[in-house]
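A short worksheet on the structure shown next.
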There are 2 protein chains.
Amino acid sequence: MRVITLLLAEDQVMVREALAALLGLEPDLAVVAQVGRGDEVVAAVAAHQPDVALLDIEMPGLSGLDALEGLRAAHPALKVVILTTFGRPGYLRRAMESGADAFLVKDAPAAQLADAVRRVLAGERVIDPGLAAAALAQGASPLTDRERDVLAAARAGAGNAEIAAALHLSHGTVRNYLSTAIQKTGARNRAEAVRIARDKGWL
Amino acid sequence: MRVITLLLAEDQVMVREALAALLGLEPDLAVVAQVGRGDEVVAAVAAHQPDVALLDIEMPGLSGLDALEGLRAAHPALKVVILTTFGRPGYLRRAMESGADAFLVKDAPAAQLADAVRRVLAGERVIDPGLAAAALAQGASPLTDRERDVLAAARAGAGNAEIAAALHLSHGTVRNYLSTAIQKTGARNRAEAVRIARDKGWL
DNA sequence: GGGTGCATGTGACATCTGTCAGCTTCGGTT
DNA sequence: AACCGAAGCTGACAGATGTCACATGCACCC
């Protein structure tokens with residue numbers, strides 16, 4: 001029997017080692033490399049040549065989605081499973097566009113993880129069905145690129161002047177974008193707009 | 001050899017089962033119950049009588065810290081290990097005040113988990129050393145009860161009028177509390193104050 | 001009994017935010 | 001050529017927000 005080799009990228013050490021223990025229980029799977037930062041993924045894949053990479057999204061250095069884009073060109077045969085805490089439809093959409101082979105949330109039963117690894121190696125695409133439905137129902141973001149930029153800049157609590165300086169825009173333009181973003185999200189102020197956009201995966 | 005029985009409370013199924021797999025590798029530990037919601041903890045402890053309860057903080061229904069307070073009175077012999085994603089000093093302080101026996105973050109090496117379980121049963125208190133230092137350095141929240149209430153109400157993006165209605169306060173009083181909270185956190189507006197207070201565990 | 005701190009309120013003020021109307025320029029589409 | 005949507009800007013206006021000074025009442029502590 002051929003053993004499937006895995007790379008595991010997840011920033012929380014205890015969770016990462018626990019997932020490794022879980023996968024280690026499967027006789028046909030072997031975790032051959034572990035990293036805790038997104039910007040270490042590409043080098044680790046090059047060094048260990050795993051069959052499948054399991055990537056968390058939220059990681060320091062580089063997100064799992066950004067790492068995925070860096071991998072696709074150099075390693076076309078590598079299968080990539082995105083594993084994340086947040087089942088945001090926006091994440092799913094972006095992961096699929098970037099060429100992920102599977103998308104799982106940490107809320108799913110553990111058995112799905114090993115199952116997904118085997119299925120992507122068989123050439124299947126594996127997506128949480130409930131999440132796929134939500135992504136379709138929600139549709140694409142109604143925000144233009146600049147509206148998203150401005151909302152993202154407002155996330156940390158910056159005022160209009162700071163946002164304008166950061167994005168090299170005029171004071172009034174920032175307010176206009178924020179105003180349209182607030183209307184498109186159905187919010188009543190910037191803070192609520194940020195929360196809604198984040199929840200829907202538009203940010 | 002006496003086997004130590006464990007209850008595992010963690011909302012993300014995959015993480016929970018992975019931790020169970022990890023703990024299952026230790027011959028002297030046995031996970032006898034798993035729950036995914038904070039409000040199921042007390043009943044599960046009563047039903048299974050574990051030696052140690054491992055509680056995540058962020059859970060639906062009831063937080064691990066609230067569950068801990070509910071456990072202390074009814075089960076004085078039970079040892080409780082708080083295991084959380086966020087090493088917020090405020091969490092640590094509250095956990096210790098509520099009588100937790102150990103406080104671990106998911107960033108720590110997995111080996112610390114089994115180690116902590118054995119040590120709390122031996123009567124020790126186990127606290128991540130770096131976190132304890134941060135908690136002492138940061139000290140208690142400078143916010144008064146009402147300032148905290150108002151900041152918490154502002155979290156979702158509510159305006160002054162809504163906050164005033166929700167807390168049965170006058171319009172101006174809300175602004176006064178918000179103003180002092182903004183100054184105490186060193187923020188420049190309510191959104192930033194919310195973020196800072198949340199990060200420091202004051203909310 | 002006086003001091004201190006918190007909860008709560010008022011009024012005034014300056015600034016920030018959100019909305020609106022309207023302008024230009026640029027790259028596509030029809 | 002005419003049109004459209006997005007990026008980008010301005011000016012005006014109302015309402016929200018943040019700050020300050022200054023009250024009152026209550027509890028607690030020396």
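In what follows, every heavy atom counts, from backbone to side chain, and hydrogens, waters and symmetry copies are set aside. Numbered from 1 within each chain, the chains take letters A, B, ... in sequence-line order.
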**I182(A) vs D145(B), nearer the 5' end of DNA chain C by closest nucleotide** =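 Whichever sits nearer the 5' end wins; that is D145(B).
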Counting just side-chain N and O atoms, does [X] come under 4.0 Å of either OP1 or OP2 of [N]?
X	N	answer
N160(A)	dC16(C)	no
S179(B)	dT19(D)	yes
R175(B)	dA16(D)	no
R146(B)	dT8(C)	yes
T144(B)	dG5(C)	no

Distance-only polar pair, side chains of [X] and [Y], donor-acceptor under 3.5 Å:
X	Y	answer
T173(B)	N176(B)	no
R190(B)	N189(A)	no
E147(B)	T180(B)	yes

For the pair made of [atom1] in [X] and [atom2] in [N], what is the distance, rounded to whole Å?
X	N	atom1	atom2	answer
H171(A)	dG8(D)	NE2	C1'	15 Å
L178(B)	dT8(C)	CG	P	14 Å
D149(B)	dC6(C)	CG	P	14 Å
R190(B)	dG18(D)	CZ	C1'	9 Å
L167(A)	dA7(D)	CG	C1'	13 Å
R188(B)	dT17(D)	CZ	C1'	15 Å
Y177(A)	dT10(D)	OH	P	12 Å

**Request:** Could you tell me whether G159(B) contacts a base, only the sugar-phosphate backbone, or nothing, with contacts defined as non-hydrogen atoms closer than 4.0 Å?
**Result:**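 Sugar-phosphate, no base atom in range.
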**Request:** Among dT17(D), dT17(C), dT10(D), find the nucleotide with the atom closest to the side chain of T173(A).
**Result:**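 Among the listed nucleotides, the one closest to the side chain of T173(A) is dT10(D).
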**Request:** Would you indicate which nucleotide in dT10(C), dC20(D), dG8(D) comes nearest to any side-chain atom of Q183(B)?
**Result:**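 The answer is dC20(D).
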**Base dC20(C) to side chain N176(A), donor-acceptor N/O within 3.5 Å cut-off** =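 When only heavy-atom distances are counted, N176(A) does reach the base of dC20(C) through a donor-acceptor pair under 3.5 Å.
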**Message:** Base of dC16(C), side chain of N189(B) - is there a donor-acceptor contact under 3.5 Å?
**Reply:**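 Under the 3.5 Å cut-off, the side chain and the base do not form any donor-acceptor pair.
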**Request:** Quick one: pull up CG in L71(B) and CD in E69(B) and give me the separation to the nearest 0.5 Å.
**Result:**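 Answer rounded to 0.5 Å: 10.5 Å.
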**Pair K106(A) + E10(A), salt bridge at N-O below 4.0 Å** =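 Yes, this pair counts.
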